[in-house]
Amino acid sequence: MLSYDDALNSQLNIAIPQLDSANFKGTFFVCGNMNQDNIEKWRAVSKKGNELANHTLYHPCLSTDGKGEPANNSANYTVYTIMREVSSMNNFLFALDQRKDRSFAFPCSETTVGGISYLDSLRKSGLIKYARIGGDQNSIITDYASIDPLQVPSWGVVGKVTADDLVDFVKKVQKNGGIGIFMFHGIGGDYLTTPAANHKKLLNYLVQHKEEIWVTTFGEAMDYAMKNK
């Protein structure tokens, strides 16, 4: 699964065209930072068969250095405020794609706000069908029977990651007969950037092995995994 966070312009300008050329669909965990300049572009992304998923309205994260906007510091949130954001973002996304089943990614892979876990509240709410968390290059799912649909691990691609590193992750997934999820941010720009050429080489490898590897959206793959546990 190829997933992308934060509704970044580099995803619209680079990642989407590369996905289109490979005939792949991705999952885009978007925030409320979409605006009148690009919202129709994101609607078009959905119409192509890509998945638009919930990443909250304001992407709250824990600030440990005291910098940044206090209103976006998850330490200042309550379970109520984060759940209200998730619900509002669902409504926002429904206006774009008319889908009711919604995937979610925890901002900064944090499952707590104000020092309290909101995982159980999310589970009970019925707002979210599947949720992605973080992980590393070893975050490959092979034990399908024990998958928690609201804590699905992924590899957060950050730092100096080469094209070979990306392909090696796929090869590890192939070897283990498992599920592997990439968590990308910027592609060829913005921040936490994966060079466009590296992303393209990854897609090329997937195309070359399309008879062996199923590349699909987070929601569709999880539907299959949960049905066949």
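Quantities reported herein were computed from a predicted structural model and do not represent experimental measurements. Just so it is clear, the values below take in all heavy atoms, side chains as well, and ignore hydrogens, waters and symmetry mates.
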Any side-chain donor near an acceptor of the partner, [X] and [Y], under 3.5 Å:
X: Ser88; Y: Asn91; answer: no
X: Ser10; Y: Asp190; answer: yes
X: Tyr58; Y: Glu69; answer: no
X: Asn90; Y: Lys100; answer: no
X: Asp6; Y: Tyr191; answer: yes

Discussion item. For Trp42, run the ring pair (Phe, Tyr, Trp, His ring centres under 6.0 Å) check against Tyr4, Phe29, Phe28 and tell me which one passes.
Written reply: Phe28
State whether [X] and [Y] are salt-bridged, where the test is any N-O pair (Lys NZ or Arg NE/NH1/NH2 against Asp/Glu carboxylate O) under 4.0 Å.
X: Asp168; Y: Lys175; value: no
X: Asp223; Y: Lys129; value: yes
X: Lys229; Y: Asp143; value: no

Worksheet entry | Set of residues satisfying salt bridge (charged side-chain N to carboxylate O under 4.0 Å, His left out) with respect to Arg43, sequence neighbours excluded |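 In terms of salt bridge (charged side-chain N to carboxylate O under 4.0 Å, His left out), with neighbours along the sequence ignored, Arg43 is linked to Glu40.
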Discussion item. Suppose we screen for salt bridge (charged side-chain N to carboxylate O under 4.0 Å, His left out). Which residues come up paired with Lys171, at least two apart in sequence or across chains?
Written reply: none
Response to the item:
All heavy atoms of Ala22 vs all of Val207, minimum pair found to be CB-CG2, 3.7 Å
Worksheet item: Glu110 versus Ser74: any side-chain heavy-atom pair under 4.5 Å?
Response: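 When only atoms from C-beta onward are counted, Ser74 and Glu110 do touch, with a gap below 4.5 Å.
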Worksheet item: Under 4.5 Å between any side-chain heavy atoms of Arg99 and Leu93, yes or no?
Response: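 No; the side chains remain at least 4.5 Å from each other.
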Practice prompt. List the steps, then state whether ring pair (Phe, Tyr, Trp, His ring centres under 6.0 Å) holds for Phe182 with Phe169.
Written response: CA-CA 9 Å; Phe182 287 98; Phe169 179 71; 5.0 Å; yes
Practice prompt. Under the side chain to side chain contact (heavy atoms under 4.5 Å, CB included) rule, collect the residues that match up with Ser154, sequence neighbours excluded.
Written response: Arg132, Ile181, Met183
